[in-house]
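Data first, discussion second: the structure below is written as structure tokens.
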Amino acid sequence: MRRGEERRAADAARADHASARNCAESVLRAVTAEGGLPAVPESAGSGFTSGIGNTGCLCGALAGGVIVLGAYAETEGSAPEARRLRAEELSAEFLARFKERWGSTCCRVITRGFVPGTREAAARCAEVTENAAALAAAMVGDARAEAGSARRHGARDVTAAAERLAKGTLAGAGAGLAVSAAGALLAGGAPAGGLPPLLLALAGLALAAAAERGAPALRRAGRALHVAGLAGSALALAALTAPPARAALAAGLAGGGAWSAAGALAFAALAVPAALRAYELGRYR
């Protein structure tokens with residue numbers, strides 16, 4: 001957002017607060033409206049009056065900003081895990097900057113020394129609300145500006161991406177295994193080729209990698225491949241109960257070549273995310 005838009009968000013939040021909305025509702029309404037973000041029900045912030053349910057903590061203006069940043073993360077069009085991690089990243093920064101400005105995240109601490117219900121207390125809350133709306137609006141603007149450039153999210157996002165690539169690879173290999181088994185049965189026991197699992201595993205990997213760019217059509221195609229892979233694997237296992245199919249697959253495995261490459265690719269698809277997950281558990285436990 002431009003400076004003027006941040007100012008408008010701050011002014012709108014103050015005006016909403018003056019119209020008897022609480023801090024969270026005011027931040028939600030102002031920033032989503034000025035930032036063109038997905039609609040968030042005003043009632044999502046209704047429980048943050050004088051803290052959560054009048055308990056004095058958490059500050060409603062802070063809560064409203066976190067909800068707004070989650071709504072913004074949805075607009076980046078990333079995969080669900082990446083959207084969640086993006087919202088976490090922005091929310092952590094928002095909390096740190098809010099706490100630096102006000103010294104606390106609790107309503108009762110921020111308003112200490114002000115008598116509830118007085119004009120002075122209302123002015124204090126309006127100031128916090130206005131500031132939080134401006135900060136959230138500024139962060140949305142900054143995030144939009146950097147959305148087109150590469151970001152580093154850390155090990156957890158790398159792990160999530162690796163798992164999605166692995167699922168795509170294994171889904172393609174499963175579909176290819178079904179093709180090989182079906183070919184073996186139709187050929188009456190002739191050696192099954194190893195190319196279908198290898199080629200479809202590579203296709204699944206390529207599709208998953210392309211889907212990381214956030215194209216909805218590619219994500220739908222990836223989900224379709226996952227379903228096909230699961231169904232294909234089940235059909236292939238059922239087909240292997242037939243002696244001709246078992247003999248054909250055994251002959252293909254003995255021949256090496258594409259089957260060996262397909263097996264190595266499948267092993268890597270399992271091993272790489274497993275290693276990253278082990279690192280993540282050690283790093284973030």
Side-chain angles (χ1 to χ4, degrees), residues 1-76 83-84 86-147:
M1 291 183 181
R2 302 288 184 184
R3 196 71 174 170
E5 292 171 322
E6 296 169 25
R7 184 66 261 165
R8 286 197 298 273
D11 290 344
R14 178 178 281 274
D16 282 336
H17 190 271
S19 67
R21 290 184 173 87
N22 70 20
C23 303
E25 292 168 340
S26 301
V27 172
L28 275 175
R29 281 172 52 87
V31 183
T32 53
E34 290 299 326
L37 299 177
V40 179
E42 182 179 328
S43 58
S46 297
F48 296 95
T49 301
S50 298
I52 298 175
N54 288 296
T55 59
C57 201
L58 175 83
C59 173
L62 173 60
V66 169
I67 296 172
V68 162
L69 292 171
Y72 163 73
E74 185 179 351
T75 68
E76 289 196 353
R83 287 201 299 269
R84 175 178 54 78
R86 181 63 165 150
E88 290 177 6
E89 175 188 8
L90 292 171
S91 297
E93 180 184 349
F94 182 75
L95 183 145
R97 293 172 67 176
F98 182 95
K99 190 173 182 179
E100 180 181 8
R101 172 65 178 83
W102 300 106
S104 177
T105 61
C106 280
C107 176
R108 61 174 173 264
V109 177
I110 296 172
T111 59
R112 183 175 293 158
F114 294 88
V115 179
T118 62
R119 180 177 298 178
E120 291 76 16
R124 174 69 163 181
C125 288
E127 182 185 8
V128 175
T129 298
E130 179 181 11
N131 180 267
L135 175 58
M139 288 186 61
V140 168
D142 292 343
R144 278 185 175 145
E146 81 171 289

[atom1]-[atom2] distance between [X] and [Y], expressed to the nearest 0.5 angstrom:
X     : Y      : atom1 : atom2 : value
Leu62 : Cys107 : CG    : SG    : 11.0 Å
Arg21 : Thr129 : CZ    : OG1   : 12.5 Å
Arg86 : Leu69  : CZ    : CG    : 9.5 Å

Side chains of [X] and [Y], heavy atoms from C-beta outward: is any pair under 4.5 Å?
X      : Y      : answer
Cys125 : Thr111 : yes
Trp102 : Asn131 : yes
Thr75  : Pro38  : yes
Thr105 : Cys59  : no
Val40  : Val68  : no

Inset, instruction - Only counting residues at least two apart or in another chain, list the ones meeting side-chain contact (heavy atoms from CB on, under 4.5 Å) with Ala24. - result: Asn22, Phe48
Inset, instruction - Could you tell me whether the SG atom of Cys57 lies less than 2.5 angstrom from the SG atom of Cys106? - result: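 The answer is yes, since Cys106 and Cys57 bring their SG atoms under 2.5 Å apart.
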Legend entry - Side-chain ion pair, Arg83 and Glu74, N-O less than 4.0 Å: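 No, Arg83 and Glu74 are not salt-bridged.
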Legend entry - Listed once per pair and sorted, the salt bridge (charged side-chain N to carboxylate O under 4.0 Å, His left out) pairs that draw on residues 109-135, sequence neighbours left out: Arg7-Glu130, Arg14-Glu130, Arg101-Glu127
Legend entry - side chain to side chain contact (heavy atoms under 4.5 Å, CB included) evaluation trace for Met139 with Tyr72: CA-CA 10 Å; Met139 288 186 61; Tyr72 163 73; over 6 Å; no
Do any side-chain atoms of residues 92-100 form donor-acceptor pairs under 3.5 angstrom with protein atoms, and if so which ones, sequence neighbours left out?
from, atom 1, to, atom 2, distance (Å)
Glu93, OE2, Arg97, NH1, 3.2

Legend entry - Side-chain (Ser91) to main-chain (Ala87) donor-acceptor, under 3.5 angstrom: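 It does hold such a pair.
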